[in-house]
Amino acid sequence: MYRVGPRGGVTAIDVSADQLLKARARAARRGLDNVSFVEGSAYAPGLPSGEFDLVFCRFLLCHLQRPADALAQMAGLLREHDAVRAATV
């Protein structure tokens with residue numbers, strides 16, 4: 001599990017409103033108040049460019065028809081010199 005500092009925040013994105021509802025409930029049960037949830041896709045995240053220190057995806061790229069396009073979108077979200085991290089099977 002990744003952690004952020006006391007002033008940090010996490011933005012979770014998913015194309016499924018149902019998954020976001022479950023994630024919100026899980027965060028609430030854990031008392032996490034620094035997490036925001038956004039409905040969007042890997043191809044059109046709807047998030048501001050150049051605003052994130054880290055983009056992480058897990059078990060996503062292997063399910064996409066255009067993973068390179070998704071990675072390009074993720075890279076565009078990052079501040080200069082930050083990183084995309086991907087974990088897949």
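The figures here come from the full heavy-atom set of this structure, side chains too, leaving out hydrogens, waters and symmetry mates. This structure is a prediction, so every number in the text was calculated from the model and none was measured.
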Which heavy atom of Q73 sits nearest to which heavy atom of P45, and what is that distance? OE1-CD, 3.4 Å

Count I, L, V, M, F, W, Y as connected when their side-chain heavy atoms are under 4.5 Å apart, and connections chain through other members. Are M74 and L78 then in the same cluster? yes

Under a 4.5 Å side-chain heavy-atom rule over Ile, Leu, Val, Met, Phe, Trp and Tyr, are F52 and V38 clustered together? yes

For N34 and G8 the tightest heavy-atom approach is ND2-O, 3.4 Å

Here the gap from L21 atom CG to D14 atom CG, rounded to the nearest 0.5 Å, amounts to 11.5 Å

Any chance CD of E51 has more than 12 other-residue heavy atoms, nucleotides or ligands included, within less than 6.0 Å? yes

Would V55 and L61 show up in the same hydrophobic cluster when neighbours are defined by side-chain heavy atoms closer than 4.5 Å? yes

Verify same cluster id: L32, V10 (apolar side-chain graph, 4.5 Å): yes

Where A12 and L20 come nearest, the two heavy atoms and their spacing: O-CD2, 4.2 Å

Salt bridge (charged side-chain N to carboxylate O under 4.0 Å, His left out) partners for R79, two or more places apart: D53

Got a second to check how far C57's SG is from R85's CZ, nearest 0.5 Å? 11.5 Å

Determine the minimum heavy-atom distance between L64 and A70, stating which atoms define it. CD1-CB, 3.5 Å

Establish whether V35 and V4 are linked, either directly or via other cluster members, by ILVMFWY side-chain heavy-atom contacts under 4.5 Å. yes

From the options T11, V84, L47, select the one residue that forms a side-chain contact (heavy atoms from CB on, under 4.5 Å) with L77. L47

If a pair satisfies salt bridge (Lys or Arg N to Asp or Glu O under 4.0 Å) and one of its residues is in residues 66-78, list it, with sequence neighbours excluded. R66-D69

